[in-house]
Amino acid sequence: MANIPEADNFIEEFIVEDLQNGKHDGRIHTRFPPEPNGYLHIGHAKAIVINFEIGKKFGGRTNLRMDDTNPTTEETHFVTNIENDIKWLGYEWHGDTVYASDYFGELYALALKLIDKGLAFVDDSTVEEIAEQKGDIDEPGTNSPFRDRSIAENRDLFERMKAGEFADGSKVLRAKIDMAHPNLLLRDPVLYRIKHETHHRTGDDWCIYPLYDFAHGQSDSIEKITHSLCSLEFRHHRDLYNWLIEALEIFPSRQIEFARMNVDYLITSKRRLKKLVEEGVVTGWDDPRMGTLAGMRRKGYPAEALRNFCMRTGVTKRDNQQEFDFLEHCVREVLNTSSDRFMAVLNPVKLVITNYPEGETEIFTTDNNPEDPSRGSREIPFSREIWVEREDFRKEPQNRKYFRLAPGKDVRLKSAYIIHVEGHEEDADGNVTQINASYYPESRSGNDTSGIKAKGTIHWVAVGEGLDIEVRQYDKLFSDPTPMDHEDEGKDFMDFINPESLKVLSAKGEPALATTKAGDTFQLLRKGYYTVDEDSTSDKVVLNLTCGLKSSWKG
RNA sequence: AGACCCAUGGUGUAAUUGGCAACACAUCAGAUUUUGGUUCUGUCGUUCAAGGUUCGAGUCCUUGUGGGUCUACCA
């Protein structure tokens, strides 16, 4: 085997080992097997990245397989969404999307084979009876009274199950293993159930459907998947997975489990995500506050940042809780170099430059991205009256390290002049209604001969030239990093909804913002990274806060 | 309680497989800066416990302790 890459984690160590042993002629084939009954979230992203990156790294392939063995919950429109999310994340699967339901015929044949080997039987027990037979973690189970039916009878019954002769729930096919096995999953697990329901792909062709344990592993084998990577909670299933490989004499895919990724403030439970949508806490599955891929995409997270995040957080078998700061670090890292800058004033207050000629305007030039001169520059209009950020003004500076607007302070207007604050006007309640300042004509940006050094620089937008924009200022959806970990206190995750997770602002943006389109991400100078929302119209630009800027200001 | 899995700074992950515990994020401090951003420098702090093997243990053994998973005709 030439040039086997170096392993970066324990899964890759197994793979390298298999490669060195010449297993499967050096072929590597992984798969991502979502159930098409919901939307993909950050946890799925981790699994996608692991599977596809391993495929890439070892010159292998990765299948996309819909694990659609339950006709009651699965829908076609989820399939499309899943495909789109994976493509957006930047991955291309091998061939067409495949489906566990493609294999229903083969799976049925395998079931017959198991029956013929005397390793499966048709059970007439009810759900409750089967649960009772199961025993307990420290009590061995008991055999079903139907366990000793003859092979011929089992075969006949199973064929008639398929033919639709029996009602839902009246019979199941069970593996015949060991009702005293310490692993409860091997206590004669149910393999097939009767469901007279229409399947999203096979329609009414079938009324019996295999369960996970008799579909997933077998699909792996049919596709000759070499390494079947899944999360830790499937550890116990591996014993059954391997038992079936041996009993069925099928291709021996190797299951390896890794710890799923948890991220502070993000929820990855389908049930809970659904509740947030249904109760109107968020606007939908793609709400930017959701940990879904659709939500994070709408929020403006670059796919590259998500991929980096998933790769850098590593692969182990330990429970882990990733800090939100690290996710945002990955987002900012990509955006800092990739996004252009604009100016917008989120909470505007008027500033009048008293010694600037009335009616006069100037056009200044400013860099689109100081990190990357090749991205060029753009023009911004300047006038006597400008909007500035209300929080950039203090009636009196609170300490010597305050560099922004306050009486007597000199401050640079980004890419324009340095101004000197003369005073302000306020209403009866003490709210500032206007700031007055003078400017230094010789401090013009680019050829500043004033000799004045302003410690602070602020952004601004010319009054009259400013664009009215809507800014959706998103914050964390929860007030607690692990909202579902408080059951011992009698609280559930809904008790930790952050009431301030969204503030809608009416802001003033520079004219060039009109040229942006839905999905564009850029930095609003000094404020953060923002992405144009799909709700934007030609009349009104709508921006989502993607991620704030870091700040070392302690005021 | 039984089986299985896991345990390294605040968080996450490394450690040439028994040889000076490191990297990233976070923290704090400083430098640079026409973004209090970026960049740069420095700072803080780590092997769950007790025994054992060994010249030498994060790594191997034993016993604890702590955490997780499993008793769906869901996946």
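A, B, ... follow the sequence lines: proteins, then strands. Residue 1 opens every chain.
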>> Between A:Asp123 and A:Val190, is there a side-chain heavy-atom distance shorter than 4.5 Å?
In response: no
> Which part of the nucleic acid does A:His181 contact within heavy-atom distance under 4.0 Å: base, sugar-phosphate only, or nothing?
Replying inline: nothing
>> Just to be sure I understand the rule, does A:His329 reach a base, reach only the sugar-phosphate, or reach nothing, if contact means heavy atoms closer than 4.0 Å?
In response: sugar-phosphate
>> Could you tell me the Watson-Crick or G-U partner of B:C23, where both distances fall under 3.5 Å? Say none if there is no partner.
In response: B:G12
> Separation of A:Gln133 atom CD from B:C73 atom C1', in whole Å?
Replying inline: 13 Å
> More than 12 foreign heavy atoms under 6.0 Å from NZ of A:Lys455: is that the case here?
Replying inline: no
> So what does A:Thr69 hit on the nucleic acid, given a heavy-atom distance under 4.0 Å: a base, only sugar-phosphate, or nothing?
Replying inline: sugar-phosphate
>> Just the rounded figure in Å: distance from C1' of B:A75 to CZ of A:Arg271.
In response: 15 Å
>> Once you apply a heavy-atom cut-off of 4.0 Å, does A:Glu389 come out as touching a base, just sugar-phosphate, or nothing?
In response: nothing
>> Taking the minimum atom-to-atom distance to the side chain of A:Leu184, which one of B:G2, B:C25, B:A72 wins?
In response: B:G2
> So which nucleotide from B:A3, B:A1, B:C74 ends up closest to the side chain of A:Asp138?
Replying inline: B:A1
> Out of curiosity, A:Ile469 CD1 to A:Leu543 CG, how far, rounded to the nearest 0.5 Å?
Replying inline: 5.0 Å
>> Between P on B:C73 and CG on A:Leu157, what's the gap in Å once rounded to a whole number?
In response: 19 Å
> What is the per-nucleotide protein-contact pattern of nucleotides 28-36 of chain B, from the 5' end, where B denotes a base atom under 4.0 Å from a protein heavy atom, S denotes such proximity for sugar-phosphate atoms only, and - denotes neither?
Replying inline: S-----BBB
>> Using whole Å, what does the distance between atom P of nucleotide B:A75 and atom CD of A:Glu233 come to?
In response: 14 Å
>> Rounded to whole Å, how long is the line connecting atom CZ of A:Arg174 with atom P of B:A72?
In response: 12 Å
> Does the side chain of A:Arg193 get closer than 4.0 angstrom to OP1 or OP2 of B:A75 through an N or O atom?
Replying inline: yes
>> If we count only N and O atoms by modelled type, under 3.5 Å, do the side chains of A:Thr482 and A:Gln321 hold a donor and an acceptor together?
In response: no
>> I need the single residue from A:Lys414, A:Arg412, A:Arg526 that forms a salt bridge (charged side-chain N to carboxylate O under 4.0 Å, His left out) with A:Asp392. Which is it?
In response: A:Arg526
> Taking any strand in view, what nucleotide pairs with B:U69 in a Watson-Crick or G-U wobble way, both distances under 3.5 Å?
Replying inline: B:A3
>> Is the terminal nitrogen or CZ of A:Lys195 (NZ for Lys, CZ for Arg) located under 6.0 angstrom from the six-membered ring centre of A:Tyr209 and within 45° of that ring's axis?
In response: no
> B:G10 base to A:Glu323 side chain: any donor-acceptor pair below 3.5 Å?
Replying inline: yes
> Can you tell which of B:C25, B:A75, B:G2 lies closest to the side chain of A:Phe234?
Replying inline: B:A75
>> If the cut-off is 4.0 Å, is A:Arg318 near the phosphate of B:U8, judged by side-chain N/O to OP1 or OP2?
In response: yes
>> Can you measure A:Leu191 atom CG to B:A75 atom P for me and round it to whole angstrom units?
In response: 12 Å
> Rounding to a whole Å, what distance do you find between A:Phe214:CZ and B:A72:C1'?
Replying inline: 19 Å
>> For the residue pair A:Glu35 / A:Asn37, report whether a side-chain donor-acceptor contact shorter than 3.5 Å exists.
In response: yes
> For A:Glu489, does the CD atom sit with more than 12 other heavy atoms under 6.0 Å from it, leaving out its own atoms?
Replying inline: yes
>> Between C1' on B:U8 and CG on A:Asn320, what's the gap in Å once rounded to a whole number?
In response: 15 Å
